Amino acid sequence: MVSLCALTALATAQDNPRDEFYIKEQVKGFFSLKVDFQRFSDNAIGDINDAAFREDWGYNVVRYDSTNTPIDTGFFPDQERLFHYNQFGPNVLGMNVEIGAQYHQMVTWVDGFFMPTQVSPVPDTVNPEVPSHLQSIKWFRYGFDWMFGYMLLPEKSFVNVIPSAGAGFSLLNMQFASEYDLSWTTPGDAVMASYPLGRRYYSTFGKNVTTQLEVRFNLGNGISVGAYGGARFTWYDRFSVETSTSQTYILNHSELSGNAIFFGGKLTYTLPSVFETKEQNKL
């Protein structure tokens, strides 16, 4: 926090004859398009695969007596069929859109990031003669970070180095292999209810802390290209689902990790400030 305040004071002291906190005419807007390669940590991709292919996914089967009264419940795990799915790998392509503002060497922006859906299709080894409710297992995530950075060299330098850090949130979304039962009842229950998963995506909320280092090349006319790398540390809550009976079932037993490192390239267009536009009009 002390360092951020020092950088802010340094930036606002430049070209500020009116002794204001900042001169709004000198603020520049910008937007960027980014494509990067992401590699999830072993813990993160392990948590994804554990949620998708865990051992206790299965179905309830209720037995009835001669009067059609339920007497007990048997649970049949689905590990034999889940075993034939391909598990997810740690390498993912990522895409980002940034919208921000620059004040001299200070920069801040909102980074919207997303990724293509990762798919593990229904394996060919499933016996087509046996009725199956299997579907492709899918997952993806998206989110936003509010980033703060500082250009280490003067803003009009051909080459610049921009360290940055920020925080935000993301959503992890997953579609499971089948309409598995979330719990099963005991013979003492009055109603032998079943609460299956739906054929839809389930989501969990995560908190991000992100660091990044960019090397930027100023090509002129507001256009620049850059290469960047960094890390995003993410902590996801447990998957849960609320049933029509207002009961909440937890789909996994612990929080999930979403940590990943990334590197890629970006294209940035910076709009001229009001001050620069006035100066150009004078010329």
Side-chain angles (χ1 to χ4, degrees), residues 1-36 38 94-115 142-171 206-234 262-283:
M1 182 61 70
V2 175
S3 300
L4 180 59
C5 292
L7 292 176
T8 304
L10 177 63
T12 55
Q14 304 178 58
D15 302 326
N16 195 348
R18 298 198 301 238
D19 196 28
E20 298 175 348
F21 182 71
Y22 76 100
I23 301 177
K24 63 181 180 180
E25 291 87 353
Q26 295 180 357
V27 175
K28 305 175 183 179
F30 69 87
F31 61 89
S32 302
L33 300 177
K34 302 164 57 177
V35 177
D36 56 37
Q38 302 180 27
M95 290 164 282
N96 305 60
V97 176
E98 295 179 352
I99 299 176
Q102 175 185 335
Y103 185 68
H104 299 296
Q105 290 167 260
M106 291 284 294
V107 285
T108 183
W109 66 91
V110 174
D111 184 348
F113 58 89
F114 54 97
M115 54 174 279
Y142 61 89
F144 297 89
D145 284 326
W146 188 7
M147 302 291 292
F148 298 87
Y150 188 78
M151 296 180 175
L152 299 183
L153 299 173
E155 58 178 313
K156 294 184 179 180
S157 299
F158 173 66
V159 180
N160 223 315
V161 179
I162 310 172
S164 61
F169 67 91
S170 63
L171 285 174
K207 300 169 285 293
N208 307 321
V209 174
T210 304
T211 60
Q212 180 178 288
L213 181 66
E214 177 190 351
V215 178
R216 180 178 295 186
F217 300 89
N218 181 10
L219 304 182
N221 296 321
I223 299 174
S224 61
V225 295
Y228 66 93
R232 178 173 289 112
F233 304 94
T234 308
F262 56 85
F263 60 88
K266 64 185 295 186
L267 174 67
T268 300
Y269 178 68
T270 303
L271 300 168
S273 66
V274 173
F275 175 80
E276 290 176 333
T277 301
K278 289 181 179 179
E279 291 298 310
Q280 291 173 0
N281 290 338
K282 290 179 182 180
L283 295 176

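All of these numbers come straight from a predicted model, not from anything done at the bench.
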In Å and rounded to the nearest 0.5 Å, what is the [atom1] to [atom2] distance from [X] to [Y]?
{"X": "M151", "Y": "E214", "atom1": "CE", "atom2": "CD", "answer": "8.0 Å"}
{"X": "T210", "Y": "F233", "atom1": "OG1", "atom2": "CZ", "answer": "8.5 Å"}
{"X": "W146", "Y": "D111", "atom1": "CH2", "atom2": "CG", "answer": "14.0 Å"}
{"X": "Q102", "Y": "T268", "atom1": "CD", "atom2": "OG1", "answer": "10.0 Å"}
{"X": "H104", "Y": "K28", "atom1": "NE2", "atom2": "NZ", "answer": "8.5 Å"}
{"X": "M106", "Y": "F148", "atom1": "CE", "atom2": "CZ", "answer": "8.0 Å"}

Partner set under side chain to side chain donor-acceptor pair (under 3.5 Å) for S164, not counting sequence neighbours |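 So S164 forms no side chain to side chain donor-acceptor pair (under 3.5 Å) with any residue.
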
Show the numbers, then the answer: is there a side-chain contact (heavy atoms from CB on, under 4.5 Å) between N96 and Y228?
-> CA-CA 12 Å; N96 305 60; Y228 66 93; 4.2 Å; yes

Heavy-atom pair with the smallest gap, counting every atom of S170 and T234 =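 Heavy atoms only, the tightest pair is OG-CG2, 3.6 Å.
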
F113 versus F144, closest heavy-atom pair with distance |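 Smallest heavy-atom distance, with atoms named: CE2-N, 3.5 Å.
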
What pairs of residues pass the salt bridge (Lys or Arg N to Asp or Glu O under 4.0 Å) test when at least one of them lies in [range], not counting sequence neighbours?
{"range": "residues 96-110", "value": "K34-E98, E98-K266"}
{"range": "residues 142-154", "value": "D145-R232"}
{"range": "residues 162-171", "value": "none"}

Considering residues at least two apart in sequence or located in another chain, which fulfil the ring-ring contact (aromatic ring centres under 6.0 Å, His included) criterion with F263?
->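 By the ring-ring contact (aromatic ring centres under 6.0 Å, His included) rule, F263 matches F37.
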
Partners meeting ring-ring contact (aromatic ring centres under 6.0 Å, His included) with F30 (sequence neighbours left out) |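 For F30, no residue satisfies ring-ring contact (aromatic ring centres under 6.0 Å, His included) once neighbours in sequence are set aside.
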
Validation row: [X], [Y] side chains within 4.5 angstrom (heavy atoms):
{"X": "I162", "Y": "L152", "answer": "no"}
{"X": "V97", "Y": "F31", "answer": "no"}
{"X": "I99", "Y": "V110", "answer": "no"}

Going by atom types only, do N218 and S224 share a side-chain donor-acceptor pair under 3.5 Å?
->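 Absent: no donor and acceptor within the cut-off.
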
Is there a donor-acceptor pair under 3.5 Å between the side chain of Q105 and the backbone N or O of L153?
->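 Side chain of Q105 to backbone of L153, a donor-acceptor pair under 3.5 Å: yes, one is there.
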
